[in-house]
A.B. asks: 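Take this structure, written in structure tokens, and hold onto it; I'll ask about it next.
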There are 2 protein chains.
Amino acid sequence: MSVVMEKGIKEKFRMSGYTLTSQRRAVLEALKASKGHPSAEDVYLLVKKKNPRVALGTVYQALSVLEEIGVIDSKHWSESPTRYDLNLEEHLDIRCRRCGQVSEVPNVGLGDLESDIRRNTPYEVTRTMLVVEGVCPGCRGKEPAAR
Amino acid sequence: MSVVMEKGIKEKFRMSGYTLTSQRRAVLEALKASKGHPSAEDVYLLVKKKNPRVALGTVYQALSVLEEIGVIDSKHWSESPTRYDLNLEEHLDIRCRRCGQVSEVPNVGLGDLESDIRRNTPYEVTRTMLVVEGVCPGCRGKEPAAR
DNA sequence: TCGCAACCAGGAATGATTATTAGTTAAATA
DNA sequence: TATTTAACTAATAATCATTCCTGGTTGCGA
Ligand SMILES: [Mn+2]
Ligand SMILES: [Mn+2]
Ligand SMILES: [Zn+2]
Ligand SMILES: [Zn+2]
């Protein structure tokens, strides 16, 4: 299975002091395999296929370590569990309110927004993110359903 | 107590078919009294002062009716309960990651972002919102704490 | 090989929110 | 006005995502 783990990832583990355990590796593999924006539950289901003994809590813990050391990112829409992403580039993701699928929206940037904000609030701004929802082509016309 | 309820609000209730009950009125008053961006729990606490018999579930239900008929708005940040707002204008709110306080940021608009997004995704876009976090002036320098 | 610290499985706990249910009010009808 | 009917609400249980806790395991350096 498991393709060689990229150098950068090993490096990030080394720098952080965390160890690259088999569970953490499995979570990363699952993330790759899913080729999308899976939830912790999705990852858990995938990981369990290879190793039925992993616990959901372990997956959460692994995801949080991976995010902490900068190997993955997470995004959150209300009314949906947090989604995880291997794509570390700053980019926009849109979530289908019917089926929950998350897809990337290319060529959209925040432009001057960040600086506009900083100029208009006494807060020290630490995070600015665009949350976008819609209906995916596959769900158009269909009944409102789950997720 | 209770100042005369604005005409527009009564009208929205009339149009919707919902009745303006004392509980719903109390929730609205609490929202006014709080002069901020309270959570359902905050509203509940305020409402209970005047009428200790209201249930938290009733507050949630009242808030959802009020939002449905367009009398209030709600916004959501991850790691925090939903906040409610009497300000129906499109505007930006920033939340302090230390104390949870939410304040408005004037003079910031999405500009061409919406159309940029529509042009770059096959999804039918239904909602675009900016979620901004920071540290408020009061919390600057202090220890990271709660909420 | 021993000892320690990091890890992890399993399960309990938490926090926000929604669902259910049976009783209460209020409007509508006769 | 008495009766019917629908809307509303308190209390409480249930749900969902996520975190916390605990005792057992593992890897590794001394
Ligand atoms: Mn993405
Ligand atoms: Mn506001
Ligand atoms: Zn869809
Ligand atoms: Zn603050």
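Per chain, numbering begins at 1; letters A, B, ... match sequence-line order.
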A.B. asks: With a 4.0 Å cutoff (strictly under), does any side-chain N or O of Thr21(A) reach OP1 or OP2 of dC8(C)?
C.D. replies: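 Result: yes.
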A.B. asks: For the CD atom of Gln61(A) and the CG atom of Leu66(A), what is their distance to the nearest 0.5 Å?
C.D. replies: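 Gln61(A) CD to Leu66(A) CG: 9.0 Å, rounded to 0.5 Å.
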A.B. asks: Counting side-chain heavy atoms from C-beta on, which of dC8(C), dA16(C), dT18(D) comes nearest to Pro81(A)?
C.D. replies: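 Looking only at heavy atoms from C-beta outward on Pro81(A), the closest nucleotide is dT18(D).
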A.B. asks: Of the nucleotides dA9(C), dC7(C), dA7(D), which has the atom closest to the Thr19(B) side chain?
C.D. replies: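 Per side-chain heavy atoms of Thr19(B), the pick is dA7(D).
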A.B. asks: Check for me, please, whether Tyr123(A) and Met129(A) land in the same ILVMFWY cluster - side-chain distances under 4.5 Å, paths through other members count.
C.D. replies: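 Not linked; separate clusters.
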A.B. asks: Let me know the distance between CZ of Arg24(A) and C1' of dT26(D), rounded to the nearest Å.
C.D. replies: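 After rounding, the gap between these two atoms is 13 Å.
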A.B. asks: Send over the distance from Glu68(B) CD to dT18(C) C1', rounded to a whole Å.
C.D. replies: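 Checked: the CD to C1' distance equals 15 Å.
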A.B. asks: Can you tell me the distance, in whole Å, between the CG atom of Leu66(B) and the P atom of dT9(D)?
C.D. replies: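 In whole Å, dT9(D) P lies 11 Å from Leu66(B) CG.
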A.B. asks: Given dT18(D), dC7(C), dG10(C), identify the nucleotide with an atom nearest to the side chain of Arg53(A).
C.D. replies: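 For the Arg53(A) side chain, the nearest candidate turns out to be dG10(C).
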A.B. asks: Return whichever of Gly57(B) or His76(A) has its heavy-atom-nearest nucleotide of DNA chain D closer to the 5' end.
C.D. replies: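 Going by which nucleotide is closer to the 5' end, it is Gly57(B).
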A.B. asks: To the nearest angstrom, how far is Glu41(A) atom CD from dC16(D) atom C1'?
C.D. replies: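 The answer, rounded to whole Å, is 10 Å.
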A.B. asks: Compare side-chain N and O positions of Ser39(A) against OP1 and OP2 of dA17(D) and report whether any pair is under 4.0 Å apart.
C.D. replies: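 Answer is no, no contact under 4.0 Å.
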A.B. asks: Classify Thr58(A) by what it touches in the nucleic acid, base, sugar-phosphate, or nothing, heavy-atom distance under 4.0 Å.
C.D. replies: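 It contacts base atoms.
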A.B. asks: Using whole Å, report how far OH of Tyr18(A) lies from C1' of dA5(C).
C.D. replies: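 Rounded to the whole Å, the gap is 14 Å.
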A.B. asks: The side chain of Thr82(A) is closest to which nucleotide in this list: dA16(C), dT18(D), dC7(C)?
C.D. replies: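 Given the options dA16(C), dT18(D), dC7(C), the side chain of Thr82(A) is closest to dT18(D).
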A.B. asks: What's the closest nucleotide to the Ala55(B) side chain, out of dT9(D), dA11(D), dC7(C)?
C.D. replies: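 Looking only at side-chain atoms, Ala55(B) lies closest to dA11(D).
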A.B. asks: Does a salt bridge link Glu114(A) with Arg118(A), judged by any charged N lying under 4.0 Å from a carboxylate O?
C.D. replies: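 Result for this pair is yes, salt bridge flagged.
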A.B. asks: Below the 4.0 Å mark, does dA10(D) have OP1 or OP2 next to a side-chain nitrogen or oxygen of Gln61(B)?
C.D. replies: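 Checking dA10(D) against Gln61(B), no side-chain N or O comes under 4.0 Å of OP1 or OP2.
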A.B. asks: Rounding to a whole Å, what distance do you find between Tyr44(B):OH and dT9(D):P?
C.D. replies: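 In whole Å, dT9(D) P and Tyr44(B) OH are 15 Å from each other.
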A.B. asks: Rounded to the nearest Å, what distance is computed from the NZ atom of residue Lys48(A) to the C1' atom of nucleotide dC8(C)?
C.D. replies: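 Whole-Å distance recorded here is 16 Å.
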A.B. asks: What is the distance from CZ of Phe13(A) to P of dG27(D), rounded to the nearest Å?
C.D. replies: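 Phe13(A) atom CZ is separated from dG27(D) atom P by 16 Å.
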A.B. asks: Between dT9(D), dC8(C), dC7(C), which nucleotide gets closest to the side-chain atoms of Gln23(A)?
C.D. replies: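 Among dT9(D), dC8(C), dC7(C), the one nearest the side chain of Gln23(A) is dC8(C).
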A.B. asks: Give me the atom names and distance for the closest heavy-atom approach of Ala40(B) to Val59(B).
C.D. replies: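 Ala40(B) and Val59(B) have their closest heavy atoms at O-CG1, 3.7 Å.
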A.B. asks: How about Gln23(B) and Thr58(B): does a side-chain donor come under 3.5 Å of a side-chain acceptor?
C.D. replies: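 No, no side-chain donor-acceptor pair sits under 3.5 Å.
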A.B. asks: For the side chain of Tyr60(A), starting at C-beta, report the closest nucleotide among dC8(C), dT19(D), dT17(C).
C.D. replies: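 My answer, after comparing the listed nucleotides, is dT19(D).
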